[in-house]
Colleague: 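Handing you this structure, nothing more for now.
For the numbers below, each heavy atom of this structure counts, side chains included, while hydrogens, waters and symmetry mates do not.
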Amino acid sequence: MSAQAAPRSGATRTTLLSIGQVLARLTPEFPDLAPSKLRFLEDQGLVAPARTPSGYRKFSGDDVDRVRYILTLQRDHYLPLKVILGHLEQVDAGEAQPFTAGNVVSEGPSILRVDRRLSRRELETTSGASRALVQEAIAASLVPAAEPYDEHALRVATALVELQRFGIEPRHLRGMRASADREAALIETAVRPVLGRRGEGKPKAAEAARDIAGQIASIREVLGREAVERITR
């Protein structure tokens with residue numbers, strides 16, 4: 001993804017597109033994209049298309065790039081919109097750089113950095129989670145009990161804040177830790193023969209483990225989408 005992937009919302013180019021034209025450009029990449037999703041992104045402050053005197057939305061090329069960038073962060077990195085909005089505000093203010101293809105860990109401050117370390121209070125403040133919610137997440141084994149916390153814990157806490165709006169609490173997700181542990185055991189069993197090889201064993205095993213985890217995540221995503229489709233039919 002180029003450095004133009006997250007242009008400032010509301011930036012303009014010569015050609016302005018309707019919602020239908022935006023969908024025509026982006027649905028090959030994001031089949032689930034719908035007009036309601038674009039309107040929701042605007043309502044949440046992530047994109048600000050122009051309006052005609054009649055009130056119709058008109059998207060610039062930069063707006064389309066921004067929407068593509070947002071959807072990519074959602075799809076490929078499972079980031080909630082609240083976190084993406086914070087990142088885009090930093091990009092718009094010149095305090096961070098957009099992520100580039102093949103290198104989602106940027107040199108500057110980044111929502112995807114895995115070397116960041118947070119105290120319990122910083123985890124609560126950054127994610128917007130209450131002390132009680134973080135404690136429940138710890139009890140459900142969704143985040144570690146001990147400090148410091150990394151970006152993975154931050155992403156979980158941020159997602160739990162959003163889920164709480166729908167009445168979903170950490171205790172409802174307790175089974176996810178057991179499921180993740182089973183997947184980890186399955187991956188470990190699959191790569192164990194590779195680990196036994198001399199020399200390139202560990203690098204090869206790590207590559208294989210990432211590949212297996214990615215394939216499992218793809219299956220999980222498909223099953224989740226099928227469940228949503230059944231609910232919304």
Side-chain angles (χ1 to χ4, degrees), residues 32 44 72-87 99 104-106 109-195 201-231:
D32 294 336
Q44 297 301 305
T72 298
L73 289 179
Q74 272 196 306
R75 181 193 64 193
D76 296 349
H77 305 292
Y78 310 102
L79 295 178
L81 289 179
K82 181 178 178 180
V83 174
I84 296 174
L85 176 60
H87 165 64
F99 304 121
V104 295
V105 180
S106 67
S110 163
I111 52 174
L112 293 180
R113 292 189 69 86
V114 295
D115 58 352
R116 188 177 179 187
R117 293 294 179 263
L118 303 171
S119 67
R120 170 79 173 263
R121 179 169 294 181
E122 288 173 330
L123 177 69
E124 294 167 358
T125 302
T126 307
S127 67
S130 65
R131 178 175 291 272
L133 182 62
V134 172
Q135 188 57 46
E136 290 175 18
I138 292 171
S141 299
L142 297 175
V143 299
E147 299 175 305
Y149 295 98
D150 60 14
E151 289 292 340
H152 298 151
L154 177 58
R155 287 173 60 184
V156 170
T158 303
L160 289 173
V161 170
E162 295 302 312
L163 289 173
Q164 198 173 45
R165 295 171 45 229
F166 300 95
I168 299 176
E169 303 291 343
R171 66 179 182 275
H172 300 138
L173 305 174
R174 189 182 298 272
M176 294 187 70
R177 171 54 63 187
S179 176
D181 290 342
R182 286 195 298 271
E183 289 179 8
L186 180 63
I187 294 170
E188 182 180 5
T189 299
V191 303
R192 191 174 294 138
V194 182
L195 277 172
K202 285 188 177 180
K204 286 287 187 182
E207 181 181 350
R210 285 192 293 268
D211 185 31
I212 295 169
Q215 300 304 329
I216 291 174
S218 295
I219 294 172
R220 191 188 310 115
E221 181 183 1
V222 169
L223 295 177
R225 287 185 177 182
E226 288 178 347
V228 170
E229 289 173 0
R230 287 196 299 271
I231 293 169

Colleague: Looking at Glu229 and Arg225, is any side-chain nitrogen of the basic one under 4.0 Å from a carboxylate oxygen of the acidic one?
Modeller: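 No, Arg225 and Glu229 are not salt-bridged.
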Colleague: Should Ile168 and Leu160 count as side-chain neighbours, where that means a heavy-atom distance under 4.5 Å?
Modeller: no
Colleague: Give the intermediate values and the outcome of side-chain contact (heavy atoms from CB on, under 4.5 Å) for residues Leu186 and Ile212.
Modeller: CA-CA 9 Å; Leu186 180 63; Ile212 295 169; 6.0 Å; no
Colleague: If we only count heavy atoms from C-beta on, is the Ile219 to Gln215 side-chain gap below 4.5 Å?
Modeller: no
Colleague: Any ion pair linking Glu183 and Arg220 (charged N to carboxylate O, less than 4.0 Å)?
Modeller: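 Looking at Glu183 together with Arg220, the answer is yes, because their closest N to O distance falls below 4.0 Å.
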Colleague: Given the rule in the side-chain contact (heavy atoms from CB on, under 4.5 Å) test, do Val161 and Leu133 qualify, once you have shown the distances and angles that lead to the verdict?
Modeller: CA-CA 8 Å; Val161 170; Leu133 182 62; 3.8 Å; yes
Colleague: Go through it in stages, so that I can follow the logic: the residues are Arg120 and Glu124, the test is salt bridge (charged side-chain N to carboxylate O under 4.0 Å, His left out), and I'd like the CA-CA distance, side-chain angles, deciding distance and then a yes or no.
Modeller: CA-CA 6 Å; Arg120 170 79 173 263; Glu124 294 167 358; 3.1 Å; yes
Colleague: Determine, step by step, whether Leu163 and Leu173 satisfy the side-chain contact (heavy atoms from CB on, under 4.5 Å) criterion, reporting the C-alpha distance in whole Å, the side-chain angles of both residues, the deciding distance to 0.1 Å, and the verdict.
Modeller: CA-CA 10 Å; Leu163 289 173; Leu173 305 174; 3.8 Å; yes
Colleague: To the closest 0.5 Å, what do you measure between CG (Leu123) and CZ (Arg131)?
Modeller: 11.0 Å
Colleague: I want to check something: taking the side chain as every heavy atom from C-beta on, are Thr126 and Leu154 in contact at a cut-off of under 4.5 Å?
Modeller: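 A side-chain contact under 4.5 Å exists here.
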Colleague: State the CG-CZ distance between Leu142 and Arg171, to the nearest 0.5 angstrom.
Modeller: 12.5 Å
Colleague: Kindly determine whether Arg121 and Thr125 satisfy side-chain contact (heavy atoms from CB on, under 4.5 Å), including the steps that lead there.
Modeller: CA-CA 6 Å; Arg121 179 169 294 181; Thr125 302; 4.2 Å; yes
Colleague: Is Arg165 paired with Glu162 through a side-chain N to carboxylate O contact shorter than 4.0 Å?
Modeller: yes
